[in-house]
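Letters go in sequence order (proteins before strands), and every chain restarts at 1. Note that the coordinates shown come from a computational prediction; the quantities given were computed from them, not determined experimentally.
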Amino acid sequence: MSVIAVKLPDGSSRSLPEGATVRDLAAAIGAGLAKAAIAGKVNGELVDVYAPLTDAAEVAIITDKSAEGLDIIRHSTSHLMAQAVKALFPAAKVTIGPSIETGFYYDFDVEQPFSPEDLEKIEEKMRELAKADIPIRREQLSKDDAIVLFKDMGEDYKVEIISDLDADTVSLYRQGDFVDLCRGPHLPSTSWCKAFKITSIAGAYWRGNENNRMLQRVYGTAFSDKKELDAYLERLEEAKRRDHRKLGRELDLFSFSDEVGAGFAIWHPKGALLRTIIEDFERKEHLKRDYDIVVGPQILKTELWQRSGHYENYRENMYFTEVDEQGFGIKPMNCLSHMMIYKSHLRSYRDLPLRFFELGTVHRHERAGVLHGLLRVRCFTQDDAHILCTPEQLDSEIKGVISFVNDVMGIFGFQYEMELSTRPDKSIGSDEDWERATNALLGALKDSGREFEINEGDGAFYGPKIDIKLRDCLDRRWQCATIQCDFTLPERFDLTYVDANGERKRPVMVHRVILGSIERFIGVLIEHFAGNFPVWLSPVQAMVMTVTDSQQPYAQQVYETLRGAGIRVQKDFRNEKLGFKIREAQLQKVPYMLVIGDREVETATVTPRFRDGSNLEPMKADSFAEFIIKESANHK
RNA sequence: GCCGUUGUGGCUCAGGGGUAGAGCAGCUCACUCGUAAUGAGCAGGUCGUCGGUUCGAUUCCGACCAACGGCUCCA
C-alpha cells in the first residue's frame with residue numbers, strides 16, 4: 001500500500017496510508033483531536049471529515065473552537081431541523097437553510113404556517129434525531145440526475161436552485177432518509193448537534209423578493225456546547241431588559257400613541273431634555289469645526305422636489321399637502337433649503353468650503369411593517385450638514401468628516417465600522433460623476449487607515465456613500481453616521497462659484513450626518529447604557545431627598561443652590577421612608593442621590609450617593625455642583 | 001406593503017356568550033422614619049375601532065387600526 005504525506009498548519013508533515021481521510025489524520029495526531037474534529041480544511045477548502053486526503057495537501061483540522069467550526073455546527077443543525085420538519089410534515093417543501101451570525105434558519109414552503117406548538121414538536125424531533133446519531137454523508141451527482149432526484153421528491157425549489165447552478169455536478173448530503181442539496185461541509189453525524197434551540201418563526205420571501213411566494217422561516221441557534229448556548233440566551237434576555245421601548249416608558253422619556261399616529265414619537269420632559277443636551281453638544285461641536293448653523297422650512301413647493309429628483313425617486317416616501325392651491329412636499333431630507341441658501345449669493349472660490357449644518361426634522365412615510373420604536377420612525381431629526389466645496393477640496397472634506405465621526409464616537413464611547421456603498425439600479429447622474437464620487441470616498445477610506453467593506457449597489461439614488469455602523473456594548477451594529485457624495489444636485493440647481501480666473505465652476509456637494517437620526521441614536525444610547533446614562537447626558541443628574549420633614553428648609557436650599565449652578569436636579573421631599581425614595585431614584589437611574597438628614601443639616605453639607613450604592617465624601621452643595629460641572633465637561 | 005402572533009384600567013397580567021378582576025402606580029388618612037417597597041381605605045375600564053351572528057358579544061366571525069417577531073426597504 002502506498003503512502004501519502006500531508007502538511008499541517010504548524011509546518012510539520014505526516015505520512016498516512018493512501019485513502020486516509022481527515023478523520024484518520026486527526027486520529028493519527030491524537031485521540032482527543034479525533035473526537036473534536038468536525039471538518040477539515042484541505043488546501044484552503046473546507047471538507048467533511050470523511051474526505052480522503054491527497055498527497056502533499058495542506059491540511060488543518062477544524063474543531064468546534066473555531067468560527068468555521070461553529071458555522072458548520074449551525075449549518076448542520078439547520079439540516080437537522082429540515083429533517084425533523086420533513087419527518088413531521090412530509091408535505092413541506094424545503095428551500096434554503098444557511099447559518100447566520102446568530103445561528104441559522106431554514107425556509108419551508110408549507111400550506112399551513114407553523115404554530116408555536118409545531119415548533120416545540122420540531123425541536124423535540126430534532127433532539128430525537130440527534131440522539132439517533134445518524135451519519136451525515138456527502139454524495140456527488142450529475143446535475144441532471146440531481147434534478148430528477150429532487151423532482152421525484154417533489155422538491156420544486158431545489159430543482160429551481162440546481163437548474164440555476166452553473167456546474168456539471170452537484171453535491172448532496174444524506175442523513176437517514178433526508179437528502180438535501182448542499183455544498184457542505186457538514187458534521188460527521190447528527191449527534192454532533194449538541195446545543196440548539198428554535199428561537200422564532202417569521203414569513204420570508206422566496207429568494208428575498210417581495211413578488212415571490214412567502215415561505216415560513218424558522219430561526220434557531222446552535223453552539224458547540226450547552227454553556228455557550230445558555231450564555232447566548234442570557235444575552236438575548238439582557239437585550240430584552242435593555243430594550244429602549246421598555247426603558248423609554250419606565251424612565252418616562254417618550255411614548256407613542258395611536259391617536260398621534262404610528263411612527264411619531266412624543267417626547268416627555270426627561271426625553272426632550274436628553275435630546276436637548278445632545279443637540280446642544282452637536283451645535284457646539286459643529287461650530288468648533290467651522291460649520292454654519294442654518295434653518296429651513298418644514299414644507300417646500302412640490303416643483304422644488306421635482307427639480308431635485310426627489311419627486312421622481314423618493315415620492316412614495318414623502319407626504320404632500322396643498323396650501324392655497326399650491327402643492328407642497330413635507331421635507332424628507334434637508335438638502336433643498338441648504339441648496340437655496342447657497343444660491344442666495346454669488347459664491348467665490350474663496351468662500352468654499354461652505355458647511356451648512358441643521359438639526360433638521362424630516363418626515364418619511366416608512367412602510368407600516370418596518371416601524372420599530374425610536375429606531376425606525378416616520379418623523380426624526382437629523383444632525384445634517386451639506387458641504388459645498390471645489391472638486392479639489394473634496395478629499396480633505398471627506399477626511400474631515402471621518403475624523404469628526406471618530407471624535408464624536410469616542411466621546412460617546414462607541415466602536416464603529418465603515419462601509420462603502422456603490423451605485424444602485426435606481427439612480428440619477430452620469431457614469432463619470434459616479435466614478436469620480438466613488439473614488440473620492442474610496443480614497444478617503446483608504447487614507448483613514450481603517451478597515452472597511454464594500455456594499456455593491458447599496459448607494460443612495462443621487463450618489464455613493466460611506467455608512468458608519470457603530471457597535472454597542474452587546475456587540476450589535478447600528479447604522480447612524482453616513483457620508484454621501486452628490487454631483488447631481490449642484491447640477492440640477494445650477495450651483496456655481498467663481499474661480500480664481502473669474503470662470504463659473506460647479507461645486508461638489510457632500511451630505512453627511514454624524515449621529516444620523518437623533519431618535520435612532522437615543523434609542524441605541526438607551527440600550528447601550530441600559531438607561532444608566534453618564535452624568536453629562538442624564539436628564540436628572542441628582543435627586544435631593546429628605547429623611548423627614550424637619551430637614552426640608554435646608555434641603556430646599558441645597559436644591560436651589562444646585563439649580564442655580566445649572567445642575568439638572570430634582571427634589572423628593574415627600575413624606576415617605578428613605579428606602580422608598582432611594583428605590584424610586586434608583587429605578588429612575590438617577591446618577592447621584594443627595595440624602596439630607598440631620599447630619600447634613602448640622603454640618604451644612606451633602607453626602608452624594610452614586611447609583612451603584614457608593615458614597616462620596618460629605619461636601620458643600622456648591623462643591624458638589626462644581627464636581628458635576630467638571631464631570632459633565634469631561635463627558636463622564 | 002407581505003407573513004405570523006397579540007390588543008382587558010397609567011403599567012404588568014388573570015378571566016371569559018349573561019354587560020369585568022389582581023398586583024403596582026394614583027388619591028385620602030395614619031406613621032416623621034438614615035440608604036432598593038410602612039399600613040389602611042378610596043377611586044379608576046363603553047375589554048383597540050367598526051360591522052356581523054345571537055334574546056344577549058368584551059368573549060364567536062369579518063374588516064380596519066396598532067403593537068410585537070421577521071421579510072422587503074432604510075437614518
Side-chain angles (χ1 to χ4, degrees), chain A residues 105 107 110 112-116 118-119 199-219 243 245-246 249-250 252 255-263 314 316-317 332-334 360 362 364-384 421 424 458 460 465 467-469 478-482 484 511-521 523-524 545-552 574-588 593-600 607 609-611 613-615:
Chain A
Y105 66 78
D107 286 349
V110 283
Q112 192 74 27
F114 295 124
S115 67
D118 291 338
L119 296 187
T199 50
S200 64
I201 180 159
Y205 301 110
W206 167 235
R207 299 204 150 162
N209 184 328
E210 60 184 315
N211 299 315
N212 287 345
R213 184 171 163 84
M214 177 141 305
L215 308 171
Q216 289 297 307
R217 174 169 297 178
V218 183
Y219 283 91
D243 192 311
R245 291 165 298 186
K246 181 171 171 281
R249 187 173 49 240
E250 288 171 2
D252 199 16
S255 63
F256 290 90
S257 148
D258 259 22
E259 287 148 293
V260 172
Y314 205 70
E316 62 271 26
N317 282 297
M333 298 182 192
N334 302 299
V362 296
R364 297 185 185 174
H365 180 78
E366 301 291 347
R367 294 162 108 187
V370 307
L371 302 176
H372 181 97
L374 289 181
L375 302 179
R376 195 75 183 273
V377 290
R378 283 178 172 159
C379 168
F380 56 100
T381 299
Q382 295 181 299
D383 58 338
D384 203 3
S421 296
D458 243 7
K465 58 177 182 172
D467 283 328
I468 289 147
K469 301 205 164 146
W478 305 97
Q479 157 85 67
C480 289
T482 171
Q484 314 185 340
H511 311 244
R512 47 102 289 184
V513 289
I514 304 292
L515 303 183
S517 129
I518 302 293
E519 279 75 4
R520 176 177 290 182
F521 187 74
V524 173
M545 50 185 81
T546 46
V547 176
T548 70
D549 288 347
S550 65
Q551 297 93 20
Q552 235 194 78
R574 289 175 303 173
N575 182 12
E576 292 288 350
K577 291 183 86 168
L578 181 61
F580 180 80
K581 297 192 205 182
I582 288 190
R583 178 185 151 80
E584 286 212 336
Q586 193 80 40
L587 290 174
Q588 285 299 303
M593 291 167 226
L594 304 177
V595 177
I596 308 293
D598 289 338
R599 277 204 299 277
E600 284 73 22
T607 313
R609 174 198 198 273
F610 193 61
R611 64 186 156 210
S614 64
N615 282 312

Separation of atom [atom1] in [X] from atom [atom2] in [N], rounded to whole Å:
| X | N | atom1 | atom2 | value |
| --- | --- | --- | --- | --- |
| A/Asn209 | B/G1 | CG | C1' | 13 Å |
| A/Asp598 | B/U35 | CG | C1' | 15 Å |
| A/Asp243 | B/A67 | CG | P | 14 Å |
| A/Gln216 | B/U5 | CD | C1' | 12 Å |

Step-by-step salt bridge (Lys or Arg N to Asp or Glu O under 4.0 Å) determination, A/Asp467 to A/Lys465
CA-CA 6 Å; A/Asp467 283 328; A/Lys465 58 177 182 172; 3.5 Å; yes
Suppose we call a contact any N or O donor and acceptor under 3.5 Å apart; does that hold for the side chain of A/Tyr205 and the base of B/G70?
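Flag unset: no donor-acceptor pair detected.
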Does A/Asn575 get its side chain close enough to the base of B/C33, under 3.5 Å, for a donor-acceptor pair?
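Side chain to base: pair present.
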Considering non-hydrogen atoms only, spot the tightest contact between [X] and [Y] and give its length.
| X | Y | value |
| --- | --- | --- |
| A/Met214 | A/Gly203 | SD-CA, 3.6 Å |
| A/Gly263 | A/Phe256 | C-CE2, 4.0 Å |
| A/Leu375 | A/Trp478 | CD1-CZ3, 3.2 Å |
| A/Met545 | A/Ala585 | CE-CB, 3.8 Å |
| A/Arg213 | A/Val110 | NH2-O, 3.9 Å |
| A/Arg367 | A/Glu210 | NH2-OE1, 2.9 Å |

Euclidean distance, A/Ile582 CD1 relative to A/Arg609 CZ, rounded to 0.5 Å
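Rounded to the nearest 0.5 Å, the CZ-CD1 separation comes out at 4.5 Å.
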Quick check for you: to the nearest 0.5 Å, what is the distance between A/Asp383 atom CG and A/Ile514 atom CD1?
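Output value for this atom pair is 6.5 Å.
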RNA chain B: A/Leu371 or A/Glu600, which has the more 5' nearest nucleotide?
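Mapping each residue to its closest nucleotide by heavy atoms, the 5'-most match is A/Glu600.
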Take A/Leu215 and A/Glu576, find for each the nucleotide of RNA chain B with the closest heavy atom, and name the residue whose nucleotide sits nearer the 5' end.
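Looking at RNA chain B, the more 5' nearest nucleotide goes with A/Leu215.
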Report which part of the nucleic acid [X] touches: base, sugar-phosphate, or nothing (heavy-atom distance under 4.0 Å, all strands).
| X | value |
| --- | --- |
| A/Val513 | nothing |
| A/Tyr219 | sugar-phosphate |
| A/Gly208 | sugar-phosphate |
| A/Gln479 | sugar-phosphate |
| A/Arg376 | base |
| A/Lys246 | nothing |

Starting the side chain at C-beta, find the nucleotide from [options] nearest to [X].
| X | options | value |
| --- | --- | --- |
| A/Thr548 | B/A75, B/U32, B/C73 | B/U32 |
| A/Arg574 | B/G26, B/C2, B/A75 | B/G26 |
| A/Lys577 | B/U12, B/A66, B/C33 | B/C33 |
| A/Ala368 | B/G1, B/G70, B/A66 | B/G1 |
| A/Glu366 | B/G34, B/A75, B/C71 | B/A75 |
| A/Arg520 | B/A75, B/C71, B/G4 | B/A75 |
| A/Leu578 | B/A36, B/C74, B/U35 | B/U35 |
| A/Ile582 | B/A75, B/A36, B/C33 | B/A36 |
| A/Val595 | B/G69, B/U35, B/A66 | B/U35 |
| A/Arg583 | B/G34, B/A75, B/A37 | B/A37 |

Span that lies between the [atom1] atom of [M] and that of [N], in whole angstrom:
| N | M | atom1 | value |
| --- | --- | --- | --- |
| B/U59 | B/G1 | P | 25 Å |
| B/A37 | B/U54 | C1' | 49 Å |
| B/G18 | B/U58 | P | 11 Å |
| B/A20 | B/G15 | C1' | 8 Å |
| B/A66 | B/G48 | P | 16 Å |
| B/U28 | B/C13 | P | 29 Å |
| B/U46 | B/U8 | C1' | 13 Å |
| B/G23 | B/G9 | C1' | 13 Å |

Check the geometry between A/Phe580 and B/A36 and answer yes if their rings are stacked (centres below 5.5 Å, planes below 30°), otherwise no.
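Base of B/A36: not stacked against A/Phe580.
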For RNA chain B, which ranges pair as stems of 3 or more consecutive Watson-Crick or G-U pairs, with both donor-acceptor distances under 3.5 Å?
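For RNA chain B the paired stretches long enough to count as stems (3 pairs minimum) are B:1-7 with B:65-71, B:10-13 with B:21-24, B:26-30 with B:38-42, B:48-52 with B:60-64.
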